[in-house]
Amino acid sequence: MVNRGAPPSSHHKALSREQFASVDSAPRRLTRRVPVHAGVQVLSVTLILAMIGTCLLHQVPALIRLFPEGDLYLSRYEGAYTIPIRLFLFSFYIAYASAMAASIKGRVLYAVDLCLTFALVCVIFDCLALLARLHLGVPMHLYMALPISGLAGLLIFSARILRHGDMPRRDDSPLRKRIHPTQFLVASATVSLAAGWSMAVARQELSGVEQLRHLALLGGIGTGVFLFLPLLFVLLNWVAAFHALLFPPGRFAPPLTVIVPAHNEAHIIAETIACLDAAALRYDNSVLLLVVDNNSHDGTGEVARAALASARKIQGRVVIEREPGKAHALNRGVAETDTEFVVRIDADSQVSPEALARVMRHFSNPLVAVVGGLALSPGGGLFDGVRMLEVILKVGLDQVAYGAADAIIGIPGMFVAYRIKALRAVGGFASNMNGEDTDAATRIGESGCRLVVDPTATFVSEVPRTFEHMREQRHRWFRSLFHVMARNRQHFQMRNFSIRSKLLMPYMLINTARRAIALPFLLFALLFLLMSPDPRSTISTQAILAFLMGAPMVMVIFSALVMLRFRALLSLPQYLLFRMYRSYLTLESMLSITFNGFSERCQSRRARRRR
């Protein structure tokens with residue numbers, strides 16, 4: 001939905017920091033502004049420690065005898081390895097602790113905590129592997145030990161941040177009272193099919209596999225491992241499509257309230273209201289708009305009133321909320337909502353004319369409580385093309401797949417509709433944290449309601465035009481996962497058994513940690529390849545290129561083709577490079593989390609010992 005005949009949108013302008021930053025950017029007592037050198041420090045220390053450790057493991061006779069596999073394994077394994085993943089993770093832990101937001105003592109103890117926890121897990125794993133070989137005659141291969149060690153290390157990294165970092169307080173909400181067997185049937189069936197199909201392909205002597213290796217689509221990854229996740233997401237999308245054909249949403253257009261929280265949005269609020277008015281003209285019921293002015297000092301309220309006065313259908317008013325923060329503005333709007341359904345839209349989001357009608361039709365199903373759409377990029381900016389591919393993959397493919405198993409984690413608040421009763425039941429929107437939109441949707445989902453993402457309900461959303469704006473946005477987004485999970489710790493308890501809480505939430509933690517280590521891991525792999533310290537290693541240029549562009553490239557191409565977004569593929573080279581930049585921003589977002597509470601506990605323990 002881009003009006004090509006209109007004058008350039010405000011989306012095409014680079015915003016000042018005053019316009020894109022607010023009290024929501026970095027909640028006090030939970031975050032800090034990351035020094036520019038912090039990420040570089042982690043990269044440098046990781047590489048220095050990992051390369052020193054690699055040299056010692058291959059040159060010191062005592063270490064060679066103790067760790068014969070070229071990595072920190074205490075047991076013999078069959079086969080070859082690609083890279084010393086355990087050594088890398090220990091190095092990364094120490095490097096992260098050296099730059100984290102804590103006292104010197106807190107940094108030292110945190111590094112010790114990470115390393116000892118991972119070491120304990122490795123020792124237990126090696127002992128089990130040794131017992132299996134000696135007593136059961138079942139050998140463990142390095143190609144199995146390496147990914148298991150990596151996954152354990154990533155989970156430990158995220159879990160310890162969640163436990164020791166400064167996080168929002170736990171706040172329980174209503175949970176689903178009974179297990180829905182359908183989601184477990186769908187999940188188990190699709191996982192089994194994807195795994196079986198992947199294993200069957202891996203056993204075949206396919207002539208094209210070697211070509212794929214040379215093209216760096218597989219690298220050192222086995223075909224079965226490579227195929228599993230893509231097949232799983234494809235199957236889940238087929239389930240979602242089949243469900244939509246069997247149970248299409250009916251016509252449903254109840255009276256509607258739209259909330260637009262606004263802080264210094266005079267440059268774009270009139271455009272947002274005009275687009276809402278056009279959408280209201282195609283919506284078969286009344287639409288009330290509440291623009292909640294949250295301490296703007298650029299004339300946002302006056303511009304909004306003028307835009308409402310010239311609207312053709314939509315009715316509305318400007319509401320003043322003095323308490324700073326988007327959550328406070330949203331909750332004020334929720335308190336003033338009298339309709340059964342409410343839509344929240346960011347002030348920089350312009351909905352398509354059909355968007356309201358498309359999202360509201362899903363509420364014909366009484367179990368549905370949250371519905372979101374697909375964000376489009378305005379175009380023309382440095383990051384617009386890569387953002388479009390990112391959305392196509394994450395929303396158009398991943399979120400739809402999660403929805404097939406009723407396991408969507410959060411729906412971005414740029415444009416999302418709620419059943420007001422369900423929203424109020426979970427406490428509305430949380431303040432003084434990042435990710436109030438993900439928090440609300442996840443809590444509603446865990447209460448027993450369904451979340452839906454409809455890629456046909458499109459809207460144009462702001463994409464940062466500068467590196468500073470992108471840095472602020474991604475710090476806020478990536479940090480929000482930890483804030484949401486800390487506030488909802490109850491979801492990890494066994495009494496709350498759902499796909500979302502027991503599989504997707506741990507997967508999201510692991511995936512965030514994977515993004516944080518991706519760039520240092522890539523750099524270490526390059527150095528390891530150049531040094532060639534161990535001829536047994538199977539590392540190759542193809543393996544490194546596959547890490548950078550293999551599976552991500554295949555998945556994003558597939559997503560773009562399925563959604564008929566062919567032009568978006570022109571930004572594929574930039575997208576592959578952007579993934580590494582995104583990795584660095586993820587690492588910085590982890591460094592933005594403060595550990596003041598952990599430091600204080602360390603100091604209090606020291607004081608007690610002195611007494």
Side-chain angles (χ1 to χ4, degrees), residues 155 158-159 162-163 167-188 191 236 239-240 243 327 330-331 334 341-342 344 362-363 365-372 394-395 398-413 416-431 433-454 477 479-512:
L155 185 59
S158 289
L162 194 61
R163 177 173 180 176
M167 295 289 160
R169 292 182 179 178
R170 171 172 168 170
D171 185 7
D172 293 352
S173 61
L175 292 178
R176 179 176 299 173
K177 293 183 173 60
R178 63 187 180 88
I179 295 176
H180 287 256
T182 305
Q183 62 173 307
F184 291 97
L185 178 63
V186 169
S188 59
V191 168
L236 286 172
V239 171
H243 184 271
L330 288 168
N331 286 330
V334 170
F341 299 92
V342 65
R344 62 165 286 187
H362 293 279
F363 290 104
N365 180 350
L367 294 178
V368 172
V370 187
V371 183
K394 297 300 180 183
V395 178
D398 292 358
Q399 288 282 61
V400 172
Y402 298 152
D406 190 21
I408 293 175
I409 296 183
I411 294 178
V416 56
Y418 301 93
R419 197 178 293 271
I420 195 73
K421 181 179 178 181
L423 179 60
R424 287 171 174 161
V426 299
F429 296 100
S431 58
M433 61 174 280
N434 294 130
E436 87 292 328
D437 48 0
T438 300
D439 174 78
T442 300
R443 289 159 76 92
I444 291 172
E446 288 300 278
S447 72
C449 301
R450 284 191 62 86
L451 312 182
V452 175
V453 170
D454 185 347
W477 285 7
R479 191 170 53 227
S480 67
L481 178 70
F482 290 87
H483 287 185
V484 170
M485 293 196 180
R487 185 170 187 255
N488 297 282
R489 290 181 179 91
Q490 62 166 342
H491 295 167
F492 293 105
Q493 296 175 354
M494 289 308 299
R495 64 188 180 92
N496 177 38
F497 202 80
S498 68
I499 298 294
R500 182 184 290 107
S501 64
K502 296 301 173 288
L503 291 180
L504 264 295
M505 285 185 173
Y507 167 76
M508 295 294 284
L509 283 174
I510 290 174
N511 194 46
T512 301

Asks: Please report the closest heavy-atom contact between Arg176 and Gly445, naming both atoms and the distance.
Replies: NH2-O, 3.3 Å
Asks: Would you check if there is a donor-acceptor pair between the side chains of Glu446 and Ser173 at a distance under 3.5 Å?
Replies: no
Asks: For the residue pair Leu451 and Arg500, establish whether any side-chain heavy-atom pair is separated by less than 4.5 Å.
Replies: yes
Asks: Calculate, to the nearest 0.5 Å, the distance between atoms CG and CD belonging to Asp172 and Gln493 respectively.
Replies: 7.0 Å
Asks: side-chain contact (heavy atoms from CB on, under 4.5 Å) for Arg170 and Arg487? Distances and angles first, verdict last.
Replies: CA-CA 4 Å; Arg170 171 172 168 170; Arg487 185 170 187 255; over 6 Å; no
Asks: Would you give the length of the straight line joining atom CE of Met433 to atom CZ of Phe482, rounded to the nearest 0.5 angstrom?
Replies: 13.0 Å
Asks: Measuring from atom CZ of Arg443 to atom SG of Cys449, what distance do you get when rounded to the nearest 0.5 angstrom?
Replies: 13.0 Å
Asks: Which atoms form the tightest heavy-atom contact between Ile411 and Ala441, and what is the distance?
Replies: N-CB, 3.7 Å
Asks: Give the minimum heavy-atom separation between Ile444 and Ala369, together with the two atoms involved.
Replies: CG2-CB, 3.6 Å
Asks: Roughly how far, to the nearest 0.5 Å, is the CG atom of Asp437 from the CG atom of Leu330?
Replies: 9.0 Å
Asks: Go through the steps for Val334 and Ile420 under the test side-chain contact (heavy atoms from CB on, under 4.5 Å), then give the verdict.
Replies: CA-CA 8 Å; Val334 170; Ile420 195 73; 3.7 Å; yes
Asks: Hey, does Asn488 have a side-chain heavy atom less than 4.5 Å from the side chain of Asp439?
Replies: yes
Asks: Write down the atom of Met505, the atom of Thr442, and the distance for their closest heavy-atom approach.
Replies: CE-CG2, 3.4 Å
Asks: Using the test side chain to side chain donor-acceptor pair (under 3.5 Å), find all partners of Arg169 that sit at least two apart in sequence or belong to another chain.
Replies: none
Asks: To the closest 0.5 Å, what do you measure between CG (Leu162) and CG (Leu509)?
Replies: 6.0 Å
Asks: How close do Asn365 and Arg419 get, heavy atom to heavy atom, and via which atoms?
Replies: O-NH2, 3.3 Å
Asks: Could you point out which residue of Val370, Val453, Asp398 forms a side-chain contact (heavy atoms from CB on, under 4.5 Å) with Ile408?
Replies: Val453
Asks: Using the ring of each side chain (for Trp, its six-membered ring), is Phe341 parallel, tilted or perpendicular to Phe363, with breaks at 30° and 60°?
Replies: tilted
Asks: For residues Ala407 and Ile499, report the shortest heavy-atom separation together with the two atoms involved.
Replies: CB-CG2, 3.7 Å
Asks: Ignoring hydrogens and angles, tell me if any N or O in the side chain of Arg489 forms a donor-acceptor pair with the backbone of Ala486 under 3.5 Å.
Replies: yes
Asks: Decide side-chain contact (heavy atoms from CB on, under 4.5 Å) for Gln490 and Asp171; before the verdict, give the C-alpha distance in whole Å, the side-chain angles of both, and the deciding distance to 0.1 Å.
Replies: CA-CA 8 Å; Gln490 62 166 342; Asp171 185 7; over 6 Å; no
Asks: How many angstroms lie between CZ in Arg344 and CG in Leu423, if you round to the nearest 0.5 Å?
Replies: 9.5 Å
Asks: Give a yes or no answer on whether the side chain of His491 reaches the backbone of Ser501 with a donor-acceptor pair at less than 3.5 Å.
Replies: no
